[in-house]
K.L.:
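I have a structure here, written as structure tokens, and I will follow up with some questions on it.
Residue numbers start at 1 and run along the sequence shown. Since this is a predicted model, take the numbers as computed values, not measurements.
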Amino acid sequence: MKKVLLTLVLAFTGIFAANAQVWLGGSLAFNTNKYEDTRGTYYFLGPEVGYSFGNWSVATALGYSSGITSHIGGPTNKYIVNAFYVMPYVRYNVYNIEKFTLFLDGAFDFIGWRDKYNVDGEITYGRDLQKTWQAGIKPGIAFHPTEKWAAVFHIGFIGYSKGSLGGIDNFPFPYDPGFSVDFSASTATFGLYYNF
């Protein structure tokens, strides 16, 4: 019985390893907006590493983002939020058509952030390190121009967030507290992956 069980485990391991693929990549997001006398500029950078097997992938991204809200005209007043992210996720490829793949990421994002004010060059720090998290589904589409490369586009979030990122609106990502369904431009990211 032990030999049969060991043989089955080795067979499944071989099948799993034959279909598995490691990839490296990363995503970017950029958003800017203007409302009356206020302008906001926000960006996100997130390198990723993942492991694909069949229609499934497991991966994690480490990210950094910064958001600046500034007043136009008058004194130079800026509100700045800097954030660091740990973003593990599980991806399921829902549908493939030629070089395109529609997928859903089941994500859990943990964010540590801190804010500061810059008033006419004098910087004062706001709150101590704050923590925020969210869990939910992020839909996306991947384009595979070659066997080794993929361009990935996410837009949208359906899930629950605990906490928020200061007073920044449309900060990548929005993180409004509570349950939300958001398909706004602030949830969009673009990434490139290289498959080994």
Side-chain angles (χ1 to χ4, degrees), residues 21-34 39-52 57-70 78-91 101 103-118 123 125-146 148-159 161-176 180 182-196:
Q21 193 169 25
V22 175
W23 47 266
L24 291 174
S27 295
L28 319 161
F30 179 78
N31 188 0
T32 185
N33 60 49
K34 182 180 172 186
R39 173 176 287 131
T41 304
Y42 324 101
Y43 68 88
F44 167 81
L45 300 170
E48 297 180 36
V49 61
Y51 189 75
S52 298
S57 297
V58 291
T60 192
L62 299 176
Y64 171 78
S65 65
S66 186
I68 301 172
T69 300
S70 56
K78 294 181 182 177
Y79 175 64
I80 304 160
V81 173
N82 295 312
F84 295 91
Y85 299 72
V86 178
M87 304 165 62
Y89 63 88
V90 175
R91 174 171 296 166
T101 303
F103 62 83
L104 297 173
D105 286 353
F108 179 83
D109 301 344
F110 176 81
I111 309 96
W113 62 274
R114 190 159 185 208
D115 56 357
K116 63 183 176 180
Y117 299 88
N118 183 339
I123 295 175
Y125 287 90
R127 291 159 276 206
D128 292 333
L129 182 68
Q130 302 291 306
K131 298 172 194 75
T132 299
W133 62 266
Q134 78 173 12
I137 302 295
K138 296 178 182 178
I141 186 167
F143 171 62
H144 306 273
T146 69
K148 295 289 186 182
W149 288 96
V152 178
F153 180 72
H154 284 93
I155 189 162
F157 172 76
I158 304 165
S161 299
K162 177 71 172 171
S164 64
L165 285 172
I168 298 268
D169 294 326
N170 298 319
F171 193 87
F173 304 94
Y175 297 107
D176 292 326
S180 63
D182 188 352
F183 285 88
S184 67
S186 63
T187 64
T189 62
F190 176 76
L192 288 174
Y193 298 161
Y194 180 78
N195 300 300
F196 290 93

K.L.:
With sequence neighbours excluded, what pairs up with F153 under the side-chain contact (heavy atoms from CB on, under 4.5 Å) test?
P.N.:
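Expected list: I141, I155, A188.
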K.L.:
Among residues at least two apart in sequence or on other chains, which ones pass ring-ring contact (aromatic ring centres under 6.0 Å, His included) with H154?
P.N.:
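H154 satisfies ring-ring contact (aromatic ring centres under 6.0 Å, His included) with F103 only.
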K.L.:
Can you list everything that forms a side-chain contact (heavy atoms from CB on, under 4.5 Å) with P88? Sequence neighbours excluded, please.
P.N.:
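By the side-chain contact (heavy atoms from CB on, under 4.5 Å) rule, P88 matches T60, V86.
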K.L.:
Could you report the tightest heavy-atom contact between Y85 and S65, atom names first, then the distance?
P.N.:
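Looks like OH-OG, 2.7 Å.
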K.L.:
Applying ring pair (Phe, Tyr, Trp, His ring centres under 6.0 Å) between Y64 and each of F84, Y42, F44, W113, report the one that passes.
P.N.:
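Result: among F84, Y42, F44, W113, F84 is the only option passing the ring pair (Phe, Tyr, Trp, His ring centres under 6.0 Å) with Y64.
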K.L.:
Determine the minimum heavy-atom distance between P139 and F183, stating which atoms define it.
P.N.:
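Where P139 meets F183 most closely, the heavy atoms are CG-CE2, 3.8 Å.
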K.L.:
List for me each residue that meets ring-ring contact (aromatic ring centres under 6.0 Å, His included) alongside Y194, sequence neighbours excluded, and say none if there are none.
P.N.:
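For Y194 the ring-ring contact (aromatic ring centres under 6.0 Å, His included) partners, ignoring immediate neighbours, are W149, F196.
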K.L.:
Taking side-chain contact (heavy atoms from CB on, under 4.5 Å) as the test, write out the residues that go with S57, two or more places apart.
P.N.:
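side-chain contact (heavy atoms from CB on, under 4.5 Å) list for S57, sorted by chain: W23, S52, R91.
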K.L.:
Just verifying a value: how many Å separate R114 CZ and I80 CD1, rounded to the nearest 0.5 Å?
P.N.:
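Separation between the atoms: 12.5 Å.
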K.L.:
How close do K162 and T132 get, counting heavy atoms only, and between which atoms?
P.N.:
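Heavy atoms of K162 and T132 come nearest at O-CG2, 3.3 Å.
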K.L.:
Could you list the residues that satisfy ring-ring contact (aromatic ring centres under 6.0 Å, His included) with F190, not counting sequence neighbours?
P.N.:
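None.
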K.L.:
Quick check: closest heavy atoms across F108 and A135, and the distance to 0.1 Å?
P.N.:
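Scanning both residues, the minimum pair turns out to be CD1-CB, 3.9 Å.
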